[in-house]
Each structure stands twice: as C-alpha cells, then as structure tokens.
S.K.: 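Take this structure first; my questions come after.
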Amino acid sequence: MKIDLCYALYAAVLEDCSLFELCGDDVSFIRQLCITVKHAYFLPGTNIVTAGDTGLALYIVYRGNVSSFVVEHMKLKVDGAFIVSESFGKHGVLVYDQFYNKTYRAETHVEVLTLAQEDILTLISDFPNFSDTLETITLETVHIKDGMETLFDYNRRMNSAKLNRQKQFATQNMKRQSDDH
C-alpha cells in the first residue's frame, strides 16, 4: 500500500528527471525509487545545502524554485536555477567522499525529494540499466579530478572486496572439510 501511495505521489516528477527518464519504462525501478526517496520542505531563503557540506544526498525539485550559488570574491554569486523535476547536488554525492561545491537555496516554498548516497549504491547494485545510465551522466556532467573516485568505482571496489572475502571463506571451509576427512 505504501509503495502505491509513494508511486502515485512521486512517479511523474521522478520520471521527468533527466537522471531517471531513460529508466522510466522500468516500472519496478520507478516504484523502488519512489519508495526510497525522502520528502523535505524548505521555506523561502533557506539553504538546502551549503557549499562545503559532505555530499550525502542527491536532490530533485518536487515543487518550487531553487537557486545555486558559488563564492566569488568573498560573495555569493547566482550560478543556476532549478525547477520541478531537475536535480542538484550531483557532484557531492556521485563522487565518493566529496563535498558539495555549491550552495543551494530555496527561492520559494520548496519541496525536494532526496536520494541518499547509500540508497543510490543499493539502486545501482539492484538495477544495472540505471547504474549504466547514471554512470554515463556522471562522467559527462561531473568534473572528475585525479584521485577522485566515483560512486560506481567505489561500488565496484567494495563488490570486488566482498567477492574476495567470500572466495577466501569458501576456500577455508573446503580446506577444513578436507582436513576433517
């Protein structure tokens, strides 16, 4: 019942978001995305994210208008604007262990859908088409510097380490069993 309610509330906005539009035909993905996102409300003039905050979530505008700012000559300068179905905060969350490089402020009464980094990791593991699409978007839109690790690289590294531990455990069990006989 809850998943149906979340789907009814959020599906149209999420399907229109450029990060998810190529996955819009996959109803199971969209349903999982709808139940995974969190809803938040911000008053006009409130910072949703401040530059320098740890990148923990991706944001999709559900209602209202959001502006982004960068610091230039010790002052905030408007850098962009976001409306319904547009996402922001990609750099902070899609590059592992990074910070947001912009401040995002609610210009009107704003509602956003947030997708936590840990939830993105789960979604890219469970939905390979989404993973491929989001990795392509990340590589095309986020400036990756030497030494930075994308969320996808991090996920592959963690999965590889997990597989190695599983193989090691299986080998140890087989050795124990052969020693017992």
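Remember, it's a predicted structure, so these values are computed and weren't measured experimentally. Because only heavy atoms are used, hydrogens play no part in the values below, and waters and symmetry mates are left out as well, while side chains stay in.
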S.K.: Would you say Gln117's side chain and Val93's backbone share a donor-acceptor pair under 3.5 angstrom?
M.R.: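 Yes, because the side chain of Gln117 sits within donor-acceptor range (under 3.5 Å) of the backbone of Val93.
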S.K.: Is it the case that the side chain of Asp53 and the backbone of Thr50 share a donor-acceptor pair, with hydrogens and angles ignored and the cut-off at 3.5 Å?
M.R.: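 Yes, the answer is positive, given that a donor and an acceptor are paired below the 3.5 Å cut-off.
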S.K.: Just checking, any donor-acceptor pair under 3.5 angstrom between side chains of Asp119 and Thr122?
M.R.: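 Their side chains do not contain a donor-acceptor pair, so the 3.5 Å distance test is not met.
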S.K.: Okay, side chain of Asn47, backbone of Val49: is any donor-acceptor separation there less than 3.5 Å?
M.R.: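 Here the side-chain-to-backbone pair does not exist.
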S.K.: For residues Gly52 and Phe99, report the shortest heavy-atom separation together with the two atoms involved.
M.R.: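 Scanning both residues completely, I find the closest heavy atoms to be O-CD2, 3.2 Å.
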S.K.: Hey, does Ser68 have a side-chain heavy atom less than 4.5 Å from the side chain of Phe88?
M.R.: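 The answer is no, as the side chains (C-beta and beyond) never meet within the 4.5 Å cut-off.
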S.K.: When rounded to the nearest 0.5 angstrom, what distance separates OG1 in Thr133 from CG in Asn129?
M.R.: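 That separation rounds to 6.5 Å.
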S.K.: May I ask you to test the Thr150-Leu94 pair for a side-chain heavy-atom distance under 4.5 Å?
M.R.: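 Result no, sub-4.5 Å side-chain heavy-atom pair not found.
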S.K.: Should Tyr59 and Ser87 count as side-chain neighbours, where that means a heavy-atom distance under 4.5 Å?
M.R.: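 Counting from C-beta outward, Tyr59 and Ser87 never come under 4.5 Å.
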S.K.: Should Val13 and Leu5 be regarded as members of a common hydrophobic cluster, given that ILVMFWY residues are connected when their side-chain heavy atoms come within less than 4.5 Å of each other, either directly or indirectly?
M.R.: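 Yes; tracing contacts between hydrophobic side chains, which count when under 4.5 Å, links both residues.
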S.K.: Side chains of Gln32 and Leu123: does their closest heavy-atom pair fall under 4.5 Å?
M.R.: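 Answer yes - side chains close enough.
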S.K.: Rounded to the nearest 0.5 Å, what separates atom CG in Leu19 from atom CG in Leu33?
M.R.: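 The distance works out to 9.5 Å.
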S.K.: Could you check Leu58 against Lys90 for side-chain contact (heavy atoms from CB on, under 4.5 Å), going step by step and ending with a plain yes or no?
M.R.: CA-CA 6 Å; Leu58 176 71; Lys90 288 188 293 269; 3.6 Å; yes
S.K.: For Phe130 and Ile124, which heavy atoms make the closest approach, and how far apart are they?
M.R.: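 So the minimum-distance heavy-atom pair works out to CE2-CG2, 3.7 Å.
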S.K.: Identify, with sequence neighbours excluded, every residue that meets side chain to side chain contact (heavy atoms under 4.5 Å, CB included) alongside His39.
M.R.: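 His39 satisfies side chain to side chain contact (heavy atoms under 4.5 Å, CB included) with Tyr10, Tyr62, Glu111, Leu113 once adjacent residues are dropped.
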S.K.: Could you check if a side-chain atom of Pro44 sits within less than 4.5 angstrom of a side-chain atom of His109, using non-hydrogen atoms only?
M.R.: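 A side-chain contact exists here, since the closest heavy-atom pair is under 4.5 Å.
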S.K.: Atom OH in Tyr7, atom CG in Leu14: separation rounded to 0.5 Å?
M.R.: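 Taking OH in Tyr7 and CG in Leu14, the distance rounds to 10.5 Å.
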S.K.: Of all heavy-atom pairs between Thr103 and Ala51, which one has the smallest distance, and what is that distance?
M.R.: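 Closest pair (atom of Thr103, atom of Ala51, distance): OG1-N, 3.0 Å.
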S.K.: Could you label the plane-to-plane angle of the Phe29 and Phe127 rings as parallel, tilted or perpendicular, counting under 30° as parallel and over 60° as perpendicular?
M.R.: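 Rings of Phe29 and Phe127: perpendicular, as their planes differ by over 60°.
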S.K.: Identify the heavy atoms of Val61 and Val112 that sit nearest to each other, and give their distance.
M.R.: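 Closest approach of Val61 to Val112: CA-CG1, 4.3 Å.
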S.K.: What is the distance from atom CD1 of Ile137 to atom CD of Glu140, rounded to the nearest 0.5 Å?
M.R.: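 Those atoms lie 7.5 Å apart.
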S.K.: Let me see the working for Thr46 and Arg105 under side-chain contact (heavy atoms from CB on, under 4.5 Å), right down to the final yes or no.
M.R.: CA-CA 6 Å; Thr46 306; Arg105 182 177 70 199; 5.9 Å; no
S.K.: Give, for atom CD1 of Ile60 and atom OG1 of Thr114, the distance between the pair rounded to the nearest 0.5 Å.
M.R.: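 If I round to the nearest 0.5 Å, the distance is 8.0 Å.
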S.K.: In the hydrophobic clustering (ILVMFWY, side-chain contacts below 4.5 Å, transitive), which residues join Ile35, or is it alone?
M.R.: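 So far as hydrophobic clustering goes, Ile35 is joined with Ile3.
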S.K.: What are the two closest non-hydrogen atoms of Ala11 and Ile30, and how far apart are they?
M.R.: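 For Ala11 versus Ile30, the nearest heavy atoms are CB-CG2, 4.1 Å.
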S.K.: Measure across Ser85 and Asp16 and return the closest heavy-atom pair with its distance rounded to 0.1 Å.
M.R.: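 In terms of heavy atoms, the two residues are closest at OG-CB, 3.4 Å.
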S.K.: Got Asp79 and Lys102 here, is their nearest side-chain heavy-atom distance under 4.5 Å?
M.R.: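 Contact flag for Asp79/Lys102 side chains = yes.
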S.K.: Would you say that Thr138 contacts Phe152 through its side chain, given a criterion of any heavy-atom pair below 4.5 Å between the two side chains?
M.R.: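 Yes, at least one pair of side-chain atoms sits under 4.5 Å.
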S.K.: Before giving the answer on side-chain contact (heavy atoms from CB on, under 4.5 Å), spell out for Thr36 and Leu115 the whole-Å C-alpha distance, their side-chain angles and the decisive distance to 0.1 Å.
M.R.: CA-CA 7 Å; Thr36 301; Leu115 188 56; 3.7 Å; yes
S.K.: Test Leu134 against Ile120 for side-chain contact (heavy atoms from CB on, under 4.5 Å), laying out the working first.
M.R.: CA-CA 10 Å; Leu134 192 57; Ile120 294 171; 4.0 Å; yes
S.K.: Nearest 0.5 Å, please: how far is OG in Ser67 from OH in Tyr104?
M.R.: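 Between atom OH of Tyr104 and atom OG of Ser67 there are 11.5 Å.
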